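Let me begin by presenting the structure, written as structure tokens, before commenting on it.
Keep in mind the model is a prediction, meaning the values are calculated, not measured.
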Amino acid sequence: MKNIARINNVAFGICILLSITIYLTIIALPILGLIQIISALLISFKIKEKTKDLKTNISIYWVLALSNLLLMHLNSDMLFNNDYSLYIFIIIPIAIAIYFLYICNTLIKL
């Protein structure tokens with residue numbers, strides 16, 4: 001589990017460094033999302049031996065991630081054509097990534 005947290009910390013750091021320009025962020029966020037979804041799947045399968053707080057946090061993460069994925073799909077035809085595109089495609093995914101980073105860092109402490 002510590003390796004999952006380290007990989008996510010490095011991937012998130014690289015994504016933030018690439019956020020200097022909006023175009024590199026658009027490239028880095030799907031890669032970070034894929035890494036975090038794979039990590040969340042691994043955590044979910046090994047969740048039996050974890051605390052109730054971790055189970056709650058990972059459930060909240062799945063709701064947030066799937067809700068944002070649905071929101072992205074519904075707005076994909078208007079990609080960057082409305083005022084909410086920046087929030088839907090960049091700000092909200094980064095916020096969800098920070099939340100997952102929090103979950104991973106609590107795994108290190110367990």
Side-chain angles (χ1 to χ4, degrees):
M1 290 295 180
K2 289 182 181 182
N3 290 335
I4 291 174
R6 287 186 191 123
I7 290 169
N8 279 298
N9 285 332
V10 169
F12 183 77
I14 290 170
C15 184
I16 293 301
L17 287 175
L18 291 176
S19 293
I20 295 169
T21 67
I22 191 110
Y23 301 109
L24 293 176
T25 305
I26 293 171
I27 295 170
L29 274 175
I31 296 168
L32 175 65
L34 183 65
I35 290 170
Q36 288 192 339
I37 287 174
I38 291 169
S39 300
L41 282 170
L42 292 173
I43 292 169
S44 295
F45 287 130
K46 295 183 179 186
I47 206 163
K48 294 174 186 169
E49 65 250 9
K50 300 302 173 193
T51 64
K52 185 177 180 181
D53 289 338
L54 179 63
K55 290 178 184 179
T56 303
N57 285 337
I58 201 72
S59 298
I60 291 170
Y61 169 77
W62 279 117
V63 169
L64 290 172
L66 294 175
S67 297
N68 192 49
L69 186 64
L70 178 65
L71 192 60
M72 284 179 168
H73 177 69
L74 292 175
N75 289 314
S76 63
D77 59 335
M78 299 181 290
L79 186 62
F80 298 110
N81 287 336
N82 60 18
D83 295 335
Y84 302 109
S85 295
L86 178 68
Y87 296 108
I88 293 170
F89 291 98
I90 296 174
I91 305 294
I92 294 173
I94 288 176
I96 294 171
I98 291 170
Y99 182 65
F100 189 72
L101 208 60
Y102 164 75
I103 294 170
C104 286
N105 287 330
T106 58
L107 275 175
I108 293 174
K109 297 175 185 174
L110 293 178

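- The distance from the CG atom of Leu42 to the CD1 atom of Ile7 is 9.0 Å, given to the nearest 0.5 Å.
- Checked against side chain to side chain contact (heavy atoms under 4.5 Å, CB included), Lys55 has the following partners two or more places apart in sequence or in another chain: Ile47.
- Nearest heavy atoms, Ala97 versus Leu32: CB-CD2, 3.8 Å.
- Side-chain heavy atoms closer than 4.5 Å link hydrophobic residues (I, L, V, M, F, W, Y) into clusters, and following such links, even through other members, never connects Ile31 to Ile98.
- Atoms CG and CD1, on Asn9 and Ile4 in that order, are 12.0 Å from each other to the nearest 0.5 Å.
- A pairwise comparison of heavy atoms in Ala5 and Cys104 identifies CB-O, 3.4 Å as the closest pair.
- The two residues Tyr99 and Tyr61 have their closest heavy-atom pair at CE2-N, 3.9 Å.
- Note: the hydrophobic cluster containing Trp62 also contains Ile103 (ILVMFWY, side chain heavy atoms under 4.5 Å, direct or indirect links).
- Residues Ile96 and Val10 are members of separate hydrophobic clusters, defined by side-chain heavy-atom contacts under 4.5 angstrom among Ile, Leu, Val, Met, Phe, Trp and Tyr.
- Both Ile16 and Leu101 belong to a single network of hydrophobic side chains, linked directly or stepwise wherever heavy atoms of I, L, V, M, F, W or Y lie under 4.5 Å apart.
- Within the 3.5 Å criterion, the main-chain N or O of Leu64 finds no donor-acceptor partner in the side chain of Asn68.
- Applying the side chain to side chain contact (heavy atoms under 4.5 Å, CB included) rule to Thr51 yields the partners Asp53, Leu54, Leu110; only residues at least two apart in sequence or on another chain are considered.
- There is no side-chain donor-acceptor pair under 3.5 Å between Tyr102 and Asn57.
- Closest approach of Phe100 and Ile58 over heavy atoms only: CE1-CD1, 3.9 Å.
- Separating the CG atom in Leu107 from the CG atom in Asn3 is a distance of 11.5 Å, to the nearest 0.5 Å.
- Nearest approach of Ile94 to Phe12, heavy atoms of both residues: O-CE1, 4.3 Å.
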